[in-house]
Trainee: 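One structure is given below, represented as structure tokens, and several questions about it will come after.
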Amino acid sequence: MEVNGKDDLNVPLLKSSDDFVVDIPQPTNNKERKIRTGEIKCASCSTTVESLLQKLDGIENAVVSPLQGLAAINYIPELIKVKKIKEAIEEAGFPVDEFPEQDISVCRLRIKGMACTSCSESIERALQMIDGVKTAVVGLALEEAKVHFDPNLTDTDCIIEAIEDAGFGAELISSENDANKVHLTVEGVNSPEDLTIIRSSLESVVGVTHVEMNLEENKITVAYDPDLTGPRSLINCIKEAGNGSKSYNASLFVAPIRREAEQQQEIRIYRDQFFLSCIFSVPVFVFSMLLPMLPSYGNWLDYKIHNMLTIGILLRWILCTPVQFIIGRRFYVGSYYALRRKSANMDVLVALGTNAAYFYSMYIVLKALTSDKFEGQDFFETSAMLISFILLGKYLEVLAKGKTSDALSKLTDLAPDTAHLLTLDNDGNVVSEEEISTQLLQKNDIIKIVPGAKVPVDGIVIDGQSHVNESMITGEAIPIAKGPGDKVIGGTMNENGCLLVKATHVGSETTLSQIVQLVEAAQLARAPVQKLADKISRFFVPTVVAAAFLTWLGWFITGQAGVYPEYWIPEATNKFELALQFGISVLVVACPCALGLATPTAVMVATGKGASQGVLIKGGNALEKAHKVKTVVFDKTGTLTVGKPEVVSAVPFSGYSMEEFCDLATAAEVNSEHPMAKAVVEHAKRYRQKIGSHAKHFTEVKEFEVHTGAGVSGKVGDATVLVGNKRLMRACKVPIGPEVDDYISKNEQLARTCVLVAIDGKVAGAFAVTDPVKPEAKLVISYLRSMSISSVMVTGDNLATATAIANEVGIDKVFAETDPLGKADKIKELQMKGMAVAMVGDGINDSPALAAADVGMAIGAGTDVAIEAADIVLIKSNLEDVVTAIDLSRKTMSRIRLNYVWALGYNILGMPIAAGILFPFTGIRLPPWLAGACMAASSISVVCSSLLLQSYKKPLHARMP
């Protein structure tokens, strides 16, 4: 936001793009579909189709044109699907030639039970097999899925069922139909009659589009238009529906489970399972490893119960079995579902390794029980300790993963839970004050914000003076003065005065809600660099299994062939057992999880950290592209300059009076949204006040036309008026005399822009407009140069003014007098030279260039069109954040590369060591239980490496005094 806080918050500030689930449209109760039908050639045919359709449950009305063969149908989508309507018409003998375009709905789901990249890929494959699912994206680190589907062919229940059939848990977070819906818990409902009374009362409320009732849970779901009604009005409507002996009450339905609670539950489950496994595995470790080295304490373990079966073997078997089959059940279940969907994951590796150790040990037990001469070494401690270490690793991993979304959680918690609602009379006096839930606030509510309180929703100040700290949203530490007419953002802190605020954006429309939704969607989006892990994961587990088998086979065959000496074999171990230990170690040391977490955890931390510092990055794709940027193209007005142009001089020509010249120019410019036009209008108003004219309305302009990048024209009374630059004058063949040209040249050398006004083909005067350069612009350009990034200015302004601004801030290359499509062409020219180009802009005229650039950066106070076209949004309109975005991108990509070094390097080094490559030279080998501990450590190291991004500091802030 600008420092004075007066720039409009866009409606909404952040709009969704095709890649993110951010701002979801509201469903309507009735939808109209036009179906083109064949062979409807007479009135009787059309009547047949109409009567057929009217009989279908859910059809409101249907009109069929026999001449056009067109059916217009109003239907209720909750009761009937388009597909069923089509089938009904075709069954009656009228083929449907043109079917309406498919509806596309979007839902977000929380996924439980994913361990590595192969899990997320398996879920994506399962979802894409559902008839009606268009696209499905599953985020491993975020543990969420976003699914686009045709609601006529499938629904969220089928999607959840498919995920569960694949072996994972799923829970609906939100769907397209949840937009502008409120869920209420109702008290006093005892019969269907009560539901009917409440339903009819709610349906009579203006703005209510659909009502769903659930008598079992006493729950009502109401879809509504937020511009016409809101949750508080609906609750009051339910209360007023009661009469006499019947009384009803309603409150907001609060979902019992939240994301944070689920994370804590998952942490508790892994912690409890680890401690439970330790109860059994620690004694097994002691009985097999420690006591045998202390003969005076461990001799009793060698006492033979029957034949060669000793107390030690029996105790290890008894203690290991619960760990293997009860505590380790999760690995069997995971393996079953993975193999059923013809894939393999970490669970398969763990299950294979532990089963090999356990069942070979069972063979030892049976041989010892049936033989009086057999001697062999069991591996029960390998199975038990391996499972314990893996559970410890998973516990530490989920603990660390929970911290990757800390920044997002802090943003979510910014909005206060309650607000002070005021009721005003017609004179603006406060009649009553009530503390209510923030979720019950509606548009146009008047709320009071006391000193030290947080602003609950976006709004406009109608009374009071204060300073508001917006650092939690924009990253700007200096509190901003607020007074009547200024905008305030939900989640910001009121410092020292009392403010009365009129709510303008509530619920999902607030700036804070949209930031949270955008960051969540960005964290779900997959970065291109993730493709490396995806490719590796497809063959990783089969390769590891093959490597483990070959390791066992290699050591066993060479041992049987006598290739290596007998003293290599540890005491109480034979050649088969040594080979088996090497094979199991290879199985369990490999870690696909670390590869899968390398990218998404870093992206999660980076996008969350960026959001907390006023830089919204729309996903891993934007983050990855930004680090490659070698050229930054800046728009001038509102980007390099403050965007608040002021007229510093006005001169009439051709004998026109100042008043006449100003009036005609203002009449033509009043309909323009360009900052220059607003400056001209404001100057004219001040001039009229100065000469004592109090007229507030200007002559209406007719035939108004915008000449993109040049100016405007129109008819004011009988006069034809042109207002714009020299290009407009030349295009309209208006001669520019020496006097005018001299005035233009002098002002352009002072970095001023000249707005020329022509009346009936003559230049009637000119305004000299200046727009101050942003104070940080020069420092930003200088710092970008130190990062080996060149800066370019592209503007629709004249060359002299643009060059003067460029010289002031230190930009060498300037493209002036460029229209919006020309800006995009300049971007493409730079790209053709092999440069990765970022574009920074704020206006509608910048949106083609923002879309054309490799990375588009939109100023947060700019237009919503520019923000939608951009990849990165700079919330507080500070150019320093251009540097922050690129620097954060570079740091994140470096961190991702380091994560891959950890993950790949670990597997590349760990597997050969586990296979025994060092054993012949050093005698060093990796026991299976220690290999499992190493595997757990690799995932933890990757997550902790990503978490280091939490300490990121803005580079310019570090250098500035």
Trainee: What heavy-atom pair brings L623 and I617 nearest, and what distance separates the two atoms?
Mentor: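 Where L623 meets I617 most closely, the heavy atoms are CD1-CD1, 3.4 Å.
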Trainee: Looking at T229, T209, V182, which one forms a side chain to side chain contact (heavy atoms under 4.5 Å, CB included) with V222?
Mentor: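 Result for side chain to side chain contact (heavy atoms under 4.5 Å, CB included) with V222: V182.
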Trainee: Can you tell if the side chain of C107 reaches within under 4.5 Å of the side chain of K146, non-hydrogen atoms only?
Mentor: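 Counting from C-beta outward, C107 and K146 never come under 4.5 Å.
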Trainee: Just verifying a value: how many Å separate I446 CD1 and E433 CD, rounded to the nearest 0.5 Å?
Mentor: 13.0 Å
Trainee: Thinking salt bridges, do K112 and E266 make one under a 4.0 Å N-O criterion?
Mentor: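 No, this pair does not count.
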Trainee: Is there a donor-acceptor contact under 3.5 Å from the side chain of N496 to the main chain of H467?
Mentor: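 Judged by distance alone, yes, a pair lies under 3.5 Å.
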Trainee: For N444 and K502, what are the C-alpha separation, side-chain angles and deciding distance, and is it a side-chain contact (heavy atoms from CB on, under 4.5 Å)?
Mentor: CA-CA 5 Å; N444 299 319; K502 182 179 181 180; 3.2 Å; yes
Trainee: A503 and V506: which non-hydrogen atoms are nearest, and at how many Å?
Mentor: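 Heavy atoms only, the tightest pair is CB-CG1, 4.1 Å.
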Trainee: Can you name the nearest heavy-atom pair linking N469 to E495, along with the distance?
Mentor: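 Reported closest heavy-atom pair: CB-OE2, 3.0 Å.
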Trainee: For T221 and H183, test the side chains for any donor-to-acceptor distance below 3.5 angstrom and give the result as yes or no.
Mentor: yes
Trainee: Are side-chain heavy atoms of V205 and Y224 found at a separation under 4.5 Å?
Mentor: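 Of all side-chain heavy-atom pairs linking Y224 with V205, none is under 4.5 Å.
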Trainee: In Å and rounded to the nearest 0.5 Å, what is the CE to CG distance from M857 to L874?
Mentor: 6.5 Å
Trainee: Keeping the roles fixed (side chain from T510, backbone from V457), state whether a donor-acceptor pair exists under 3.5 Å.
Mentor: no
Trainee: Under a 4.0 Å N-O cut-off, is there an ion pair linking K954 with E880?
Mentor: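 The answer is no: the pair does not qualify as a salt bridge.
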Trainee: Hey, could you give me the CD1/CD1 distance between I198 and I220, rounded to the nearest 0.5 Å?
Mentor: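 So the CD1 of I198 and the CD1 of I220 are separated by 4.5 Å.
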Trainee: Kindly say whether G490 contributes a backbone atom to a donor-acceptor pair with the side chain of K454 at under 3.5 angstrom?
Mentor: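 Not at all, since once roles are kept as given, no pair shorter than 3.5 Å links the two residues.
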Trainee: Side-chain donor-acceptor contacts of residues 233-242 below 3.5 Å, not counting sequence neighbours, with atom names and distances?
Mentor:
| residue | atom | partner | partner atom | Å |
| --- | --- | --- | --- | --- |
| S233 | OG | Q442 | OE1 | 3.2 |
| S233 | OG | Q442 | NE2 | 3.1 |
| N236 | ND2 | R232 | O | 3.3 |

Trainee: Could you tell me which non-hydrogen atom of L109 sits nearest to which non-hydrogen atom of I159, and how far apart they are?
Mentor: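 Nearest heavy atoms, L109 then I159: CD1-CG2, 3.5 Å.
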Trainee: Does D417 have more than 12 heavy atoms from other residues, nucleotides or ligands lying within 6.0 Å of its CG?
Mentor: no
Trainee: Is the shortest side-chain heavy-atom distance between I447 and H420 below 4.5 Å?
Mentor: no
Trainee: Only counting residues at least two apart or in another chain, list the ones meeting side chain to side chain contact (heavy atoms under 4.5 Å, CB included) with E203.
Mentor: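 In terms of side chain to side chain contact (heavy atoms under 4.5 Å, CB included), with neighbours along the sequence ignored, E203 is linked to R199, V211.
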Trainee: Could you walk me through whether T884 and Y952 pass the side-chain contact (heavy atoms from CB on, under 4.5 Å) check?
Mentor: CA-CA 10 Å; T884 302; Y952 175 80; 4.0 Å; yes
Trainee: Find the distance between CG (D445) and OG1 (T423) and round it off to the nearest 0.5 Å.
Mentor: 8.5 Å
Trainee: What's the verdict on side-chain contact (heavy atoms from CB on, under 4.5 Å) for Q950 and V605, showing C-alpha distance, side-chain angles and the deciding distance?
Mentor: CA-CA 7 Å; Q950 290 278 25; V605 177; 3.8 Å; yes
